[in-house]
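Sequence lines set the chain letters: A, B, ... in the order given, protein chains first and strands last, and positions in each chain run from 1.
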Amino acid sequence: MEKEEVLKVYRHSLAHILAKAVIEIYGKEVQYAIGPEIEDGCYYDFVLPRTVTEEDFPAIEEKMHEIIKRREDWTRKVISRDEALELFKDQKFKHELIVDLPADETISIYYTGDDYVDLCRGPHVDNSQELFSAAFKIKNVSGAYWRGDEKRDQLQRIYLFAFPSKDELKAHLAWLKEAQERDHKKIGTALDLFMFRETAPGMAYWLPRGWILYQELMKYSREIQGAHGYTEISAPLINNKKLWLISGHWAHYQNNMFIVPGITKGVNATDAVQGEEAPEQYAVDAEDTMAAKPMNCPNAMMSYKRTMHSYKELPIRYSEYDVLHRKEKSGQMNGLFRVQEFRQDDDHTFVTPDQIKDEIKDVIAIADEIYKTFGITYRAEFSTRPDDFMGDIESWNSAEASLKAILDEKYGDGNYEINEGDGAFYGPKIDLQIKDALGREWQCGTVQLDFQLPHNFELTFVDKDGAQKMPIVIHRAIFGSFERFIGIITEHFKGAFPFWLNPYQVAVVPIRPEHNEYAQKVADELTKAGVRVESDLTDVNMRDKIKKFKQMKDPYILVVGDKEAAENTVSVNVRGSNKQLQGVALDKFVELCKKLNAERTLELPQEI
RNA sequence: GCCAAAGUGGCUCAGGGGUAGAGCAAUUCACUCGUAAUGAAUAGGUCGCGGGUUCGAUUCCCGCCUUUGGCUCCA
């Protein structure tokens, strides 16, 4: 068997052992649902008479070891649907699974010993003793909904790390520990980039160092988009609900919006504010109710609509970096990855149908250029027409064909995922997914075709034949939200950002106070060259200063003393090594910094 | 929203029914130093918020807030 196959069999078998252990501990009334293998092990879902907590883990693990040591045979049996339904008549989830199996499906069951049976396709080990060498550990327990549906039973899911050997488990746990060190929430605090406070749940406070980085990203984005013919607009942060009624957000997205109720004037007051200080009553259904924007598109439509447009003007590209607010359900927030306030490198491009292909191609080219700058790899996903689509099928078909042709050309047939029927109701889309340190995928870039908003806002352009036609809108973002992207790259670089992006690029440390003058001169020359410099001219031990700047992960720390001042040189301490480059000419160093900034170099040169 | 866990000085964390402790950071003094932790002293916390039990709660109980992991992988 292939190594991967072995791993699958191990994990799958261990899931059954887990179930058997849980049943032995919690009794026969346990309802067991499903137990697939996953990335680093497996899990099993149960309904249990009481909740499992961390304190229960050792007992479960011990029971699993005990079961494995029984050297029980695993026997496979093929049975009829009726036999299966009878056998699992007290197991509601198994029962449902059997009912849902296709009519011609072979139904197989596995006995582990003679007191535990599970519905399963297999394959498994033949005897528990094959699992002697397997290494496993309960990872955690969480709630999970039966079949992922929140309206159905809430199950307790027990996760297991599972590997064929102890060494592999150990290696995995070490990897996990390293990954946790990369956590952007930790690094963000350590590097003083951003913070979160209860005064604004899920909304980052950007601190001086972090805000420099943020702005560098926006600067880079604007530079690239400017070169690709984008024009930037900015629009109101809160809009009257009239806008959201037109766009459809009021009907479809209200739960995700922060709403500012208006003052009623004889309208029903549903959310009355009590007390003497607030005699007016605020209500969501008041005419002057406003809402913070969760998306930029409606205002972009308004901007387009202000005047007539000729086909000669298209494509029109309105990019936008405004702040967006989306209200999330509690429990959905996650550091910078999922926030309630963020900015996107957003854009809405208005095109004619025959411009779609070239335009999307250009978007993908921009995405490639940007992601390459960070050395980040992504996975493309193509989502096609859903059942509740809007518009006519011909438009959909041709739009999907255009997108598919671009994806095939770019990534090759089969090198991107297709999610049939997963598109938005207003159009098909391409999403670009990037992994965080823990391997979780987050959607960053997105390209969406939209036939709906132009319709809702009655957008037109005058075509060659003089007829008024409806443009198609392309929504797209490459970084996605800057917040999320910064989270991703913080973990990717472990806080050691590329030179061009690091909040401060060079730190200057004089050896003694008498070297302050020269240190200042060095700092001034670098600043003049557009380099972000910080220096410490206080009367403190130079070692302490170096330590402080190293902790902030400044790429280059310059130490200057008698020798450097005399020779107009600097001694360079390079991030990521203990290397010190002595006697580097100041001019030469300034030139290097300018080059690194101009080229947005990914790697930090270790030699100068 | 749901399941589980957590919240103690700026940061990292210990503690535990009798009103709190360490390291780092900060401040002061000494050291003036050639590339990641000099020494000494000082200051800093109504232990997330509200309620309950108790003579007494940061500790136990309840509610809320915030945060973390999971709720996608389908016998």
Expressed as a whole number of Å, how far does the [atom1] atom of [N] sit from that of [M]?
N: B:rU8; M: B:rU68; atom1: P; result: 14 Å
N: B:rU28; M: B:rU19; atom1: C1'; result: 30 Å
N: B:rG9; M: B:rG21; atom1: P; result: 15 Å
N: B:rU53; M: B:rU12; atom1: C1'; result: 34 Å
N: B:rG45; M: B:rC11; atom1: C1'; result: 14 Å
N: B:rC60; M: B:rC3; atom1: C1'; result: 24 Å
N: B:rC31; M: B:rA41; atom1: C1'; result: 15 Å
N: B:rA57; M: B:rC61; atom1: C1'; result: 11 Å

**Report entry** A:Lys579 (side chain) donor-acceptor with A:Val572 (main chain) under 3.5 angstrom
**Finding:** no
**Report entry** Candidate nucleotides B:rA4, B:rU35, B:rA37, ranked by approach to the side chain of A:Thr53 - the nearest
**Finding:**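 The answer is B:rA4.
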In this structure, how many angstroms lie between the [atom2] atom of [N] and the [atom1] atom of [X], rounded?
X: A:His515; N: B:rG34; atom1: NE2; atom2: P; value: 11 Å
X: A:Lys545; N: B:rA37; atom1: NZ; atom2: C1'; value: 16 Å
X: A:Lys553; N: B:rA36; atom1: NZ; atom2: P; value: 15 Å
X: A:Asp562; N: B:rU32; atom1: CG; atom2: P; value: 16 Å
X: A:Asn578; N: B:rA36; atom1: CG; atom2: P; value: 6 Å

Salt bridge (Lys or Arg N to Asp or Glu O under 4.0 Å) partners for [X], two or more places apart:
X: A:Asp73; value: none
X: A:Glu29; value: none
X: A:Arg209; value: A:Glu534, A:Asp554
X: A:Lys177; value: none

Measure all distances between protein nitrogen or oxygen atoms and nitrogen or oxygen atoms of nucleotides 25-31 of chain B, and list the pairs falling under 3.5 Å.
unit_1 : atom_1 : unit_2   : atom_2 : d
B:rA25 : OP1    : A:Lys547 : NZ     : 3.4

**Report entry** Atom CG of A:Asp149 with >12 non-hydrogen neighbours under 6.0 angstrom
**Finding:** yes
Report task. Take atom NZ of A:Lys588 as the centre, draw a 6.0 Å sphere, and report whether it contains more than 12 heavy atoms from other residues, nucleotides or ligands. Result ->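 Not buried by this count: 12 neighbours or fewer within 6.0 Å.
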Report task. State whether a side-chain donor-acceptor pair under 3.5 Å links A:Lys329 with A:Asn256. Result -> no
Query raised in the report: So what does A:Gln582 touch, heavy atoms closer than 4.0 Å: a base, only the sugar-phosphate, or nothing?
Result: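 It contacts base atoms.
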Query - Touch class at under 4.0 angstrom, heavy-atom based, for A:Glu564 against every strand present - result: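 Base: the residue A:Glu564, judged by heavy atoms under 4.0 Å, touches a nucleobase.
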Report summary line: Stems for RNA chain B (at least 3 consecutive Watson-Crick or G-U pairs, under 3.5 Å) come to B:1-7 with B:65-71, B:10-13 with B:21-24, B:26-30 with B:38-42, B:48-52 with B:60-64
**Report entry** salt bridge (Lys or Arg N to Asp or Glu O under 4.0 Å) contacts touching residues 558-576 of chain A (sequence neighbours left out)
**Finding:** A:Arg512-A:Asp562
Query raised in the report: What residue pairs, at least two apart or across chains, pass salt bridge (Lys or Arg N to Asp or Glu O under 4.0 Å) with a residue in residues 31-50 of chain A?
Result: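 Every pair satisfying salt bridge (Lys or Arg N to Asp or Glu O under 4.0 Å) with a residue in residues 31-50 of chain A: A:Asp40-A:Lys139, A:Asp45-A:Arg157, A:Arg50-A:Asp56.
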**Report entry** Nucleic acid footprint by protein, nucleotides 62-75 of chain B - heavy-atom cut-off 4.0 Å, B for base, S for sugar-phosphate alone
**Finding:** ---SSSSBBBSBBB
Report task. Name the residue closer to the 5' end of RNA chain B, choosing between A:Lys186 and A:Lys550 according to the nucleotide with the nearest heavy atom. Result ->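 Its nucleotide being nearer the 5' end, the pick is A:Lys186.
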Query raised in the report: Can you find a pair of side-chain heavy atoms, one from A:Lys429 and one from A:Thr384, that are under 4.5 Å apart?
Result: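 Sidechains of A:Thr384 and A:Lys429: no contact.
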**Report entry** Which residues share a side chain to side chain donor-acceptor pair (under 3.5 Å) with A:Asp115, sequence neighbours left out
**Finding:** A:Lys20
Report task. Not counting sequence neighbours, which residues clear side chain to side chain donor-acceptor pair (under 3.5 Å) with A:Tyr32? List them please. Result ->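 By the side chain to side chain donor-acceptor pair (under 3.5 Å) rule, A:Tyr32 matches no residue at all.
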Report task. Using a cut-off of strictly less than 4.0 Å, decide whether A:Arg512 has a side-chain nitrogen or oxygen near OP1 or OP2 of B:rC33. Result -> yes
Requested in this report: Measure from NZ or CZ of A:Arg147 to the centre of the six-membered ring of A:Phe93 and say whether it is under 6.0 Å with the direction within 45° of the ring axis.
Outcome: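 So A:Arg147 doesn't make the cation-pi contact.
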Requested in this report: Verify the ring-centre separation between A:Tyr44 and A:Tyr159: is it less than 6.0 angstrom?
Outcome: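 Between A:Tyr44 and A:Tyr159, which both carry aromatic rings, the centre distance is not below 6.0 Å.
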Do any N or O atoms of the protein come closer than 3.5 Å to N or O atoms of nucleotides 40-42 of chain B, and which pairs are they?
none

